[in-house]
Amino acid sequence: MYSVEKYKDIISTTDADTQKRYSIIEKLSKGLTVENDTALQMDKLLTEQLDLEYGDQTDPATISPASTSTTNAPAKPTNKKPKKRSASTSKKEESVDEVVDSFTKLFEAIKNQTGGSAPDEATMKEAMKELLKDTKISFSNLDNDLKKQVSSQPHVIQYQLPGKKEPGAFQKPDIPVFQSIVDDLVMGHVVMLIGGAGTGKTYMAENLLAKQALGRQHITINCSQWTSPTEIIGGQTMDGYQEGKLIEAWSKGHVLILDELPKIDPNTAGLLNDALAKTKIENAVIFNARKESFSKHPDFAVVMTGNVYPNTDSIAYGANNKQDLSLLDRVSGNVYFIEKNPDLEKRILQNEMIWSVCDKIRSVIEEMRYEAQISLRFMQTARDSYNLEMQRVKDKGKNGVKADEGKTFKGAVDSYISTFTNVQQKNIREKIKYDEIFEDHYYRNMDKDKEVY
Ligand SMILES: Nc1ncnc2c1ncn2[C@@H]1O[C@H](COP(=O)(O)OP(=O)(O)OP(=O)(O)O)[C@@H](O)[C@H]1O
Ligand SMILES: [Mg+2]
């Protein structure tokens with residue numbers, strides 16, 4: 001019942017404080033035979049301390065077996081010396097020190113209450129309560145597994161925005177620059193997000209920034225060389241006058257998203273210049289195609305996205321145009337490069353196996369400097385194909401489609417790889433150990449919660 005009993009032999013070699021603690025437990029428990037709450041609590045604490053210091057010396061060969069004897073036999077002396085502490089046990093030492101510290105405090109409290117005489121049970125309980133009252137458990141005290149669990153919980157943050165009564169609360173995404181971008185938008189800065197295809201720029205602009213962080217509606221212009229002035233500042237159409245999206249967002253306080261801005265014709269982009277220069281000015285006025293004036297709503301904000309920073313014509317992203325310096329000046333200081341984000345990808349995919357295969361292909365592409373990339377969009381396609389395939393494997397053709405017939409993870413990867421040249425395909429297959437993983441759909445037997453490489 002009292003676990004400290006296993007240290008009976010060691011106790012007499014320990015320091016006076018430890019011996020004193022043991023003897024109190026013995027007294028309260030009438031020689032470790034009576035179940036006594038206080039003694040049990042002290043037993044737990046003392047055992048934890050002794051486990052840390054002498055835990056590896058309690059094997060049956062060195063210690064007498066736990067006894068259920070009702071005698072109050074004194075602890076037997078032993079030749080064992082307390083273990084020397086090495087540098088590698090410094091963590092252990094810290095924990096031991098914490099326990100020793102707690103005990104010292106406890107004994108001080110008991111001494112104060114009893115004037116040094118042996119305490120009765122009620123006094124002990126009182127002293128313990130007093131000690132525990134101010135005891136705080138810090139993050140570092142937590143068990144490693146628990147620490148991991150706590151750290152993986154999404155953080156909920158709140159923004160108090162100017163002119164908004166209710167702060168918007170949402171789960172902060174694992175994107176390092178996220179807070180900075182929100183700050184920029186709240187300050188009226190025009191933000192530009194630059195990143196490879198499928199890294200999540202549009203999703204971030206529309207969902208995470210406009211909808212979730214700012215709690216505002218958004219209007220998106222999908223920019224291309226065909227984007228017309230009508231779409232921006234309004235104009236006559238077959239159905240009559242149509243208001244421009246810039247004007248709508250400006251006057252109603254929506255977030256204007258200029259998606260793939262570098263693809264717009266630089267002359268058309270010029271129509272944005274006036275408005276983008278005034279985003280920090282209260283009630284600033286702009287004009288639509290009919291020369292009607294519109295004053296700025298305080299919630300108006302602008303996010304541009306693009307694959308490249310448009311100060312040169314891009315080779316990799318052919319349809320991007322070099323934009324006018326005056327337009328680029330509107331975003332200077334607020335340009336963010338959105339890189340691949342493995343933590344975010346893994347959290348979105350919920351499938352370590354798929355992620356690791358995609359990530360491996362990505363590293364091969366980077367290593368071999370191929371003009372291609374693997375995006376979060378592809379990873380999601382691969383994951384969804386895998387899920388469907390595994391469902392069919394489970395169904396064993398019950399629903400009329402065999403697992404191999406429809407879309408599979410292998411199918412998605414094959415299709416992706418097929419877009420490379422023959423030599424590149426060979427290299428990619430070799431480096432990702434394609435034959436091992438994909439032959440006979442071997443990956444179906446792999447653990448989806450484990451990385452492959
Ligand atoms: N934080 C996220 N949570 C969930 N899904 C996301 C997140 N970010 C991106 N996605 C998903 O990843 C995919 C790619 O995102 P998105 O279309 O925003 O990329 P992009 O960088 O705008 O690509 P492109 O340059 O091709 O326009 C989409 O299917 C999107 O739904
Ligand atoms: Mg996009």
Side-chain angles (χ1 to χ4, degrees), residues 152 173-177 193-204 306-309 314-320 336-394 402-453:
S152 68
D174 308 327
I175 299 166
V177 289
L193 310 177
I194 306 284
T199 41
K201 302 175 296 294
T202 306
Y203 186 91
M204 194 203 290
N307 295 130
V308 289
Y309 185 64
S314 162
I315 299 167
Y317 292 98
N320 287 274
Y336 296 90
F337 289 86
I338 308 300
E339 313 274 353
K340 68 176 178 192
N341 185 336
D343 287 341
L344 180 71
E345 290 165 359
K346 285 185 197 177
R347 202 157 63 75
I348 292 170
L349 287 190
Q350 296 289 310
N351 189 320
E352 298 269 329
M353 191 267 287
I354 300 283
W355 177 85
S356 67
V357 172
C358 295
D359 186 55
K360 185 73 181 169
I361 299 175
R362 177 163 57 191
S363 354
V364 178
I365 290 171
E366 278 166 8
E367 186 197 332
M368 308 298 282
R369 296 173 186 275
Y370 295 154
E371 279 251 335
Q373 55 200 329
I374 216 154
S375 65
L376 186 48
R377 198 176 287 124
F378 170 75
M379 292 184 188
Q380 287 176 317
T381 300
R383 188 267 326 267
D384 293 345
S385 306
Y386 169 86
N387 287 346
L388 181 64
E389 171 183 7
M390 295 311 280
Q391 188 55 49
R392 286 183 173 151
V393 169
K394 219 168 105 198
K402 289 191 206 116
D404 297 350
E405 269 178 330
K407 184 79 184 250
T408 59
F409 175 39
K410 179 174 183 294
V413 171
D414 283 347
S415 161
Y416 178 79
I417 295 179
S418 71
T419 59
F420 289 78
T421 66
N422 287 344
V423 177
Q424 290 174 338
Q425 289 186 29
K426 190 168 163 285
N427 284 337
I428 295 174
R429 287 209 174 89
E430 248 168 47
K431 286 181 188 272
I432 68 166
K433 300 196 179 128
Y434 180 92
D435 289 346
E436 260 175 59
I437 300 168
F438 291 95
E439 205 86 314
D440 298 326
H441 303 95
Y442 179 74
Y443 58 86
R444 288 180 188 167
N445 305 316
M446 293 167 110
D447 186 348
K448 78 172 185 52
D449 296 322
K450 285 209 179 98
E451 293 181 18
V452 178
Y453 304 95

- Pairwise salt bridge (charged side-chain N to carboxylate O under 4.0 Å, His left out) hits with a residue in residues 373-390, at least two apart: E389-R444
- For the residue pair G196 and N307, what are the closest heavy atoms and their distance? C-ND2, 3.7 Å
- Query: With F409, which residues qualify under ring pair (Phe, Tyr, Trp, His ring centres under 6.0 Å), at least two apart?
  - Reply: F438, Y443
- Query: What distance separates I338 CD1 from K201 NZ, expressed to the nearest 0.5 Å?
  - Reply: 8.5 Å
- Message: Quick check against the 3.5 Å criterion: does N341 have a side-chain atom that pairs as donor or acceptor with the backbone of D174?
- Response: yes
- Query: How far does NZ of K360 sit from CD1 of I365, to the nearest 0.5 angstrom?
  - Reply: 12.5 Å
- Query: OH of Y442: more than 12 outside heavy atoms within 6.0 angstrom?
  - Reply: no
- Please tell me if the side chains of Q373 and K340 come closer than 4.5 Å, counting only heavy atoms from C-beta onward. no
- Separation between CZ of R362 and CE of M379, rounded to the nearest 0.5 Å: 4.0 Å
- Decide yes or no on side-chain contact (heavy atoms from CB on, under 4.5 Å) for D359 and V357, but give the supporting numbers first. CA-CA 5 Å; D359 186 55; V357 172; over 6 Å; no
- Check V393 against A403 and note the closest heavy-atom contact, atom names and distance. CG2-CB, 3.5 Å
- Which atoms form the tightest heavy-atom contact between Q350 and R347, and what is the distance? NE2-O, 2.8 Å
- Task: Scan for salt bridge (charged side-chain N to carboxylate O under 4.0 Å, His left out) pairs involving residues 414-423, sequence neighbours excluded, and state none if there are none.
- Result: K410-D414
- Query: Roughly how far, to the nearest 0.5 Å, is the NZ atom of K407 from the OG atom of S385?
  - Reply: 4.0 Å
- Query: Quick one: are I361 and V413 in side-chain contact, heavy atoms under 4.5 Å?
  - Reply: yes
- Query: When rounded to the nearest 0.5 angstrom, what distance separates CD1 in I437 from CE in M353?
  - Reply: 8.5 Å
Donor-acceptor pairs under 3.5 angstrom involving side-chain atoms of residues 446-453: please list them, not counting sequence neighbours.
unit_1 : atom_1 : unit_2 : atom_2 : d
D447   : OD1    : D449   : N      : 2.9
E451   : OE2    : K346   : NZ     : 3.0
Y453   : OH     : I432   : O      : 2.8

- Task: Keeping the roles fixed (side chain from S415, backbone from G411), state whether a donor-acceptor pair exists under 3.5 Å.
- Result: no
- Measure the CD-CG distance between Q391 and N387 for me, rounded to the nearest 0.5 Å. 9.0 Å
- Message: Counting C-beta onward and ignoring hydrogens, is there a side-chain heavy-atom pair between I428 and Y370 closer than 4.5 Å?
- Response: yes
- Task: Decide yes or no for T199 and E339: does some side-chain heavy atom of the first lie under 4.5 Å from some side-chain heavy atom of the second?
- Result: no
- Task: Taking atom CG of D440 as the centre, report whether more than 12 heavy atoms of other residues, nucleotides or ligands fall under 6.0 Å from it.
- Result: no
- Could you list the residues that satisfy ring pair (Phe, Tyr, Trp, His ring centres under 6.0 Å) with Y416, not counting sequence neighbours? F378, F420
- Name all residues meeting the side-chain contact (heavy atoms from CB on, under 4.5 Å) criterion together with K402; count only those two or more places apart in sequence or in a different chain, and write none if there are none. E405
